[in-house]
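Structure first, commentary second.
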Amino acid sequence: LNASVNQSNFLGSGKRVSLAFNTSSANQRYEISQTNPYYTVDGISRGFTLLYRSTDFDELDSGDYATNDAIAGVNYGIPLSEFNKFNFGLQVHHIDFQIGGSPSEEIIEWVDAEGDSYLNFEATLNWTHDSRDTAIFPTKGTLQRLSGEATLPGSELTYYKVSYSHRNFIPVFGDTVLSLKGEVGYGDSFGDTSALPFWENYFAGGPVSLRGFKTYSLGPRDTPVGGTPDTGDPLGGNMKLLGSVELFHPAPFYPDTMRLSVFADGGSVFHTERGGYDSDELRYSAGVGLSWLSPVGALKVSYATPFRADKFDEEDRFQFTFGTNF
């Protein structure tokens with residue numbers, strides 16, 4: 001269950017205040033934020049965030065460990081033009097890392113090398129270009145995001161991540177729209193930290209990355225204690241490569257609130273210290289989907305057939321998402 005309450009003009013101040021929570025068997029998240037959209041007369045925004053989240057990766061079938069995070073941060077948004085915006089932020093991040101009952105060899109080695117409690121100072125940078133004609137059911141335009149994050153001097157873990165996503169909407173004939181989407185990402189450690197932390201790895205599979213495969217199920221796997229390498233739980237990777245081609249068309253019965261689609265997805269995640277990029281590890285799927293802007297929230301449903309799956313991949317052909325994540 002997740003829910004949020006937003007007030008755009010809190011107590012007549014013009015500031016936006018948000019309260020949100022998310023709770024499930026794998027995740028608990030509680031967040032409060034306040035944003036002044038006109039911190040300066042030039043339209044620069046400033047926001048503050050307090051966040052607590054607890055993630056049990058074992059419930060996600062992605063390693064026998066859990067993290068508890070407490071975050072306090074400040075962020076600024078700078079409008080560059082009609083379609084471009086730049087954001088940067090600073091935050092203090094405390095992490096408790098907890099080993100489960102049957103940890104892999106990689107997890108045991110991590111705790112031996114890095115410990116299980118960390119205080120980090122982090123910086124984030126984001127550039128967004130959004131020229132879509134509408135954020136809901138766009139028919140033309142482009143959405144691009146370039147983002148980076150890194151820990152700062154004084155942090156107990158030192159690492160960075162850079163990612164870029166591009167999605168283009170092209171009208172082809174009548175009301176049919178072609179969507180082309182691509183994502184790349186890379187992260188690594190530096191200084192005395194031995195590797196990118198597990199919880200910062202990229203994952204693939206699921207309705208928002210590669211449909212037809214179970215969420216978080218693709219990519220490198222860890223090593224059970226005393227077992228064979230790459231036969232355990234999904235470990236994620238420090239590099240991702242994802243792409244999608246999709247054709248949308250309004251549903252004949254509810255054309256304003258419902259769209260049908262056919263799609264093909266491809267990609268995976270990789271780890272540069274465990275073989276790096278390998279085209280043989282790319283996974284593909286194709287299927288049909290439905291998007292419905294229902295009276296109680298956005299609903300997306302898809303049915304996909306996976307291709308090039310190996311014996312460790314977990315298929316999940318029918319998938320849906322409901323509501324809006326925060």
Side-chain angles (χ1 to χ4, degrees), residues 2-22 27-55 67-96 118-132 135 142-167 183-187 190 196-197 199-202 208 240 323-326:
N2 71 76
S4 63
V5 178
N6 301 279
Q7 174 57 258
S8 297
N9 187 22
F10 185 69
L11 299 179
S13 65
K15 298 177 181 179
R16 183 170 61 251
V17 174
S18 174
L19 299 172
F21 77 90
N22 183 353
N27 295 287
Q28 292 186 5
R29 177 177 175 131
Y30 307 92
E31 181 176 352
I32 180 171
S33 63
Q34 181 246 59
T35 301
N36 184 349
Y38 292 98
Y39 176 62
T40 73
V41 295
D42 299 317
I44 295 176
S45 65
R46 183 181 69 176
F48 298 94
T49 300
L50 292 174
L51 167 67
Y52 172 80
R53 67 186 178 209
S54 176
T55 305
T67 59
N68 295 313
D69 303 74
I71 299 172
V74 58
N75 60 84
Y76 294 86
I78 304 173
L80 302 177
S81 67
E82 180 182 1
F83 301 126
N84 296 279
K85 187 175 183 178
F86 176 74
N87 295 82
F88 72 93
L90 299 170
Q91 60 186 29
V92 180
H93 188 174
H94 183 269
I95 309 162
D96 281 324
Y118 327 100
L119 179 64
N120 295 329
F121 306 97
E122 302 168 348
T124 60
L125 300 171
N126 297 276
W127 167 76
T128 302
H129 170 86
D130 190 354
S131 61
R132 296 173 297 174
T142 300
L143 176 62
Q144 299 181 69
R145 288 194 176 98
L146 176 64
S147 61
E149 61 180 279
T151 54
L152 301 174
S155 301
E156 295 180 345
L157 297 176
T158 51
Y159 60 89
Y160 68 91
K161 295 174 67 178
V162 179
S163 60
Y164 172 74
S165 64
H166 183 113
R167 190 168 191 182
E183 295 182 55
V184 294
Y186 182 83
F190 61 92
L196 186 69
W199 57 90
E200 294 290 347
N201 278 347
Y202 298 108
V208 297
K240 72 173 177 179
T324 302
N325 293 325
F326 61 86

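Being a predicted model, the structure only gives us computed values, none of them experimental.
With hydrogens and angles disregarded, no donor-acceptor distance shorter than 3.5 Å links the side chain of Thr55 to the backbone of Asn27. Checking side-chain atoms of Ser131 against main-chain N and O of Thr142 turns up a donor-acceptor pair under 3.5 Å. Side chain of Glu149 to backbone of Lys161: no donor-acceptor contact under 3.5 angstrom is found. Side-chain atoms of Asn75 do not come within 3.5 Å of backbone N or O of Phe88 as any donor-acceptor pair. In this structure, Ser18 contributes its side chain and Ser33 its backbone to no donor-acceptor pair below 3.5 Å.
Defined by atom type and a distance below 3.5 Å, a donor-acceptor pair is present between the side-chain atoms of Asn68 and Ser54. Using modelled atom types, one finds a donor on one side chain and an acceptor on the other under 3.5 Å when comparing Asn84 with His129. A donor and an acceptor atom, one from each side chain of Tyr164 and Gln144, are located under 3.5 Å apart. A side-chain donor from one of Asp69 and His93 sits under 3.5 Å from a side-chain acceptor of the other. Using a 3.5 Å distance cut-off with no hydrogens or angles, the side chains of Thr158 and Thr151 do not pair a donor with an acceptor.
Counting all heavy atoms, side chain and backbone alike, Tyr186 lies closest to Tyr202 at N-OH, 3.3 Å. Nearest heavy-atom pair, Ser155 versus Leu152, reported as atom, atom and distance to 0.1 Å: OG-O, 2.7 Å. Taking each heavy atom of Glu31 and Leu51 in turn, the nearest pair found is CB-CD1, 3.9 Å.
Rounded to the nearest 0.5 angstrom, Arg145 CZ and Trp127 CH2 are separated by 11.0 Å. Here the straight-line distance linking atom OG1 of Thr67 with atom CD1 of Ile95 works out to 7.5 Å at 0.5 Å rounding.
Environment of OH in Tyr38: sparse, with no more than 12 heavy atoms of neighbouring residues, nucleotides or ligands closer than 6.0 Å.
Between Tyr160 and Phe190, the ring-plane angle classifies as tilted under the 30° and 60° cut-offs.
In this structure, Arg53 and Ile71 have side chains that are in contact, with non-hydrogen atoms separated by less than 4.5 Å.
For Tyr118 and Trp199, the gap between ring centers is short of 6.0 Å.
The side-chain tip of Lys15 does not point at the ring of Tyr39 from less than 6.0 angstrom away and within 45° of straight on.
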